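All remarks here apply to the structure that follows.
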Amino acid sequence: ALPRDLEGVRVVVSAGGTREPLDPVRFLGNRSSGKQGYALARVAAQRGAEVTLVAAHTAALPDPAGAHVVSVSTAAELQVAMEDAAAEADVVVMAAAVADFRPAERAECKIKKQGDGSAPTVTLTRNPDILAGLAQRRRPGQILVGFAAETGDEHGSVLDHGRIKLKRKGVDLLVLNAVGEGRAFEVDENTGWLLSPSGLEQRIPLGAKSELAATVWDAVAELVRAQGRR
Ligand code: C5P
């Protein structure tokens, strides 16, 4: 049986990937399936938490038992839903893949092919960093968990990039996933590291997304206990 160590803890989890419309039929999207966020919501509910799941395009997944589900589409909608839910939450987990850019304009009608064979130019504009905004308006004692999907490059390893992002995002826990070559996105298993500002660098072995969720909630439950709220 799972521990009931999140009894009465109010958590909000975002899951899935946002879509940014170009016109009524087209959008810019990403490959997030929502499986990791759903596993986080499911496991939290099983451990006694009061769960709100903010879901962006996760229609293929059944609602996690016991969770209150809010469906959104764009990053702007996700931001509103998260700020709303976070105002009454003890723990906020941003597992959703948020579009960093959106088309600057959304055409009212379907964009037509031009007779001269030319193609339209799409101008993009930046979306807000929702997690950074949540960190700024964080309630006292609220625990914030972020995700980072990184690849190693000439500037450093996956872990190097994760350490930098942990600082930049101002979160209490960062789940760091190595991505590329069939990893993390769409698949049923996940692996990575769990980082914290106190120097935690816990390797998360390859396993079901529910196992990664359990590792995250273990760390959250410890932070909640350390606050003396339970
Ligand atoms: O900066 P990067 O996109 O790698 O950060 C990933 C983390 O930030 C995830 O937790 C993601 O949900 C969140 N994020 C966000 N708003 C964005 C982009 C990412 O909240 N516009």
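None of these values were measured; they are calculated from a predicted model.
- Using a 4.0 Å cut-off between a side-chain N of Lys or Arg and a carboxylate O of Asp or Glu, Arg47 and Asp218 qualify as a salt bridge.
- A donor-acceptor pair is defined here as one N or O able to donate and one able to accept, closer than 3.5 Å; such a pair exists between the side chain of Asn177 and the backbone of Thr191.
- Of the possible donor and acceptor atoms, one in the side chain of Gln142 sits under 3.5 Å from a partner among the backbone N and O of Ala86.
- Cluster membership check: Val11 shares its hydrophobic cluster with Val43, using side-chain heavy-atom separations under 4.5 Å among Ile, Leu, Val, Met, Phe, Trp and Tyr.
- In terms of modelled atom types and a separation under 3.5 Å, the side chain of Asp5 and the main chain of Ala221 share no donor-acceptor contact.
- Across every non-hydrogen atom of Leu61 and Ser33, the tightest pair is CD1-O, 3.5 Å.
- Atom CG of Asp188 sits about 10.5 Å away from atom CD of Gln36, to the nearest 0.5 Å.
- Here NZ of Lys167 is found 10.0 Å from CG of Leu195. Values are rounded to the nearest 0.5 Å.
- Inter-residue side-chain proximity for Val54 and Val13 is flagged as unmet; no heavy-atom pair is nearer than 4.5 Å.
- Taking a 6.0 Å sphere around CD of Glu222, one finds it holds 12 or fewer heavy atoms contributed by other residues, nucleotides or ligands.
- Val220 is not connected to Val12 by any chain of hydrophobic side-chain contacts under 4.5 Å among Ile, Leu, Val, Met, Phe, Trp and Tyr, and they are in different clusters.
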Q. Between His57 and Thr18, is a side chain to side chain donor-acceptor pair (under 3.5 Å) present by the stated rule, with each step listed?
A. CA-CA 7 Å; His57 299 286; Thr18 62; over 6 Å; no
Q. Given the rule in the side-chain contact (heavy atoms from CB on, under 4.5 Å) test, do Leu166 and Arg168 qualify, once you have shown the distances and angles that lead to the verdict?
A. CA-CA 6 Å; Leu166 172 72; Arg168 188 156 54 76; over 6 Å; no
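- In this structure, Thr74 contributes its side chain and Glu77 its backbone to a donor-acceptor pair below 3.5 Å.
- Looking only at distances, no side-chain donor or acceptor of Arg102 sits under 3.5 Å from a matching main-chain atom of Pro21.
- Heavy atoms of other residues, nucleotides or ligands lying less than 6.0 angstrom from CZ of Arg203 number more than 12.
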Return a table of donor-acceptor pairs under 3.5 angstrom between the side chains of residues 106-120 and protein atoms on other chains or two or more places apart.
from   : atom 1 : to     : atom 2 : distance (Å)
Asp116 : OD1    : Ser118 : N      : 2.9
Asp116 : OD1    : Ser118 : OG     : 2.8

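- Under the 4.5 Å side-chain heavy-atom criterion for ILVMFWY residues, no single connected hydrophobic cluster contains both Phe147 and Val171.
- Contact check on Glu189 versus Lys209 returns no salt bridge, with no Lys/Arg side-chain nitrogen under 4.0 Å from an Asp/Glu carboxylate oxygen.
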Q.
Using side-chain contact (heavy atoms from CB on, under 4.5 Å), reason through Val122 and Leu22 one step at a time and then give a plain yes or no.
A. CA-CA 8 Å; Val122 175; Leu22 273 161; 3.6 Å; yes
Q: Start with the C-alpha gap between Arg137 and Glu83, add the side-chain angles, then the distance that decides, and say whether salt bridge (charged side-chain N to carboxylate O under 4.0 Å, His left out) holds.
A: CA-CA 9 Å; Arg137 51 170 68 206; Glu83 287 178 356; 3.6 Å; yes
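- Side-chain contact check for Val175 versus Val216: some heavy-atom pair is nearer than 4.5 Å.
- Contact annotation: the side chain of Lys169 never approaches that of Leu144 to less than 4.5 Å [non-hydrogen atoms, C-beta and beyond].
- Residues Val80 and Val72 have side chains not in contact (no heavy-atom distance under 4.5 Å, counting atoms from C-beta outward).
- Separating the CH2 atom in Trp193 from the CD1 atom in Ile204 is a distance of 10.0 Å, to the nearest 0.5 Å.
- Taking the side chain as every heavy atom from C-beta outward, Met94 and Leu134 approach each other to under 4.5 Å.
- Closest approach of Ala97 to Asn30, counting heavy atoms only: O-ND2, 3.2 Å.
- Between Ala135 and Gly170, the closest heavy-atom pair is CB-O, 4.3 Å.
- A salt bridge links Glu150 to Lys165: at least one charged side-chain nitrogen sits closer than 4.0 Å to a carboxylate oxygen.
- Nearest heavy-atom pair across Ala89 and Arg139 is O-NE, 3.1 Å.
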Q | Full working for side-chain contact (heavy atoms from CB on, under 4.5 Å) between Met82 and Leu78 | A | CA-CA 6 Å; Met82 288 306 289; Leu78 180 66; 4.1 Å; yes
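- In this structure, Glu201 pairs ionically with Arg163, as a charged nitrogen and a carboxylate oxygen lie closer than 4.0 Å.
- Annotation: the span from Ser14 atom OG to Ile130 atom CD1 amounts to 7.5 Å, rounded to 0.5 Å.
- Nearest heavy-atom pair across Leu28 and Pro103 is CD1-CD, 3.9 Å.
- Cluster annotation: Val93 is connected to Val224 through the hydrophobic network of ILVMFWY side chains, with a link wherever side-chain heavy atoms come within less than 4.5 Å.
- Between Arg126 and Asp100 there is no salt bridge, since none of the side-chain N atoms of the basic residue sits less than 4.0 Å from a carboxylate O of the acidic one.
- Looking at Asp172 and Arg138, a side-chain N of the basic residue comes within less than 4.0 Å of a carboxylate O on the acidic one, giving a salt bridge.
- Note that CG of Asp84 and OG1 of Thr52 are 10.0 Å apart. Values are rounded to the nearest 0.5 Å.
- In terms of heavy atoms, Gly34 sits closest to Ala15 at O-CB, 4.0 Å.
- Considering only heavy atoms from C-beta on, Leu206 stays 4.5 Å or farther from Asn190 through its side chain.
- The shortest side-chain heavy-atom distance between Trp217 and Leu6 falls under the 4.5 Å cut-off.
- Under a hydrophobic-cluster definition in which Ile, Leu, Val, Met, Phe, Trp and Tyr are linked whenever side-chain heavy atoms come within less than 4.5 Å, directly or via other members, Leu212 and Tyr38 are assigned to the same cluster.
- One N or O on the side chain of Asn127 and one on the backbone of Ala99 form a donor-acceptor pair closer than 3.5 Å.
- Considering CG of Leu40 and CG of Leu53, their distance stands at 9.5 Å, rounded to 0.5 Å.
- Taking the side chain as every heavy atom from C-beta outward, Val51 and His68 never approach each other to under 4.5 Å.
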Q: Assess whether side-chain contact (heavy atoms from CB on, under 4.5 Å) is satisfied between Leu200 and Leu194, documenting all intermediate values.
A: CA-CA 7 Å; Leu200 176 75; Leu194 187 61; 4.1 Å; yes
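- Between the side chain of Glu211 and the backbone N or O of Gly207, no donor-acceptor pair lies under 3.5 Å.
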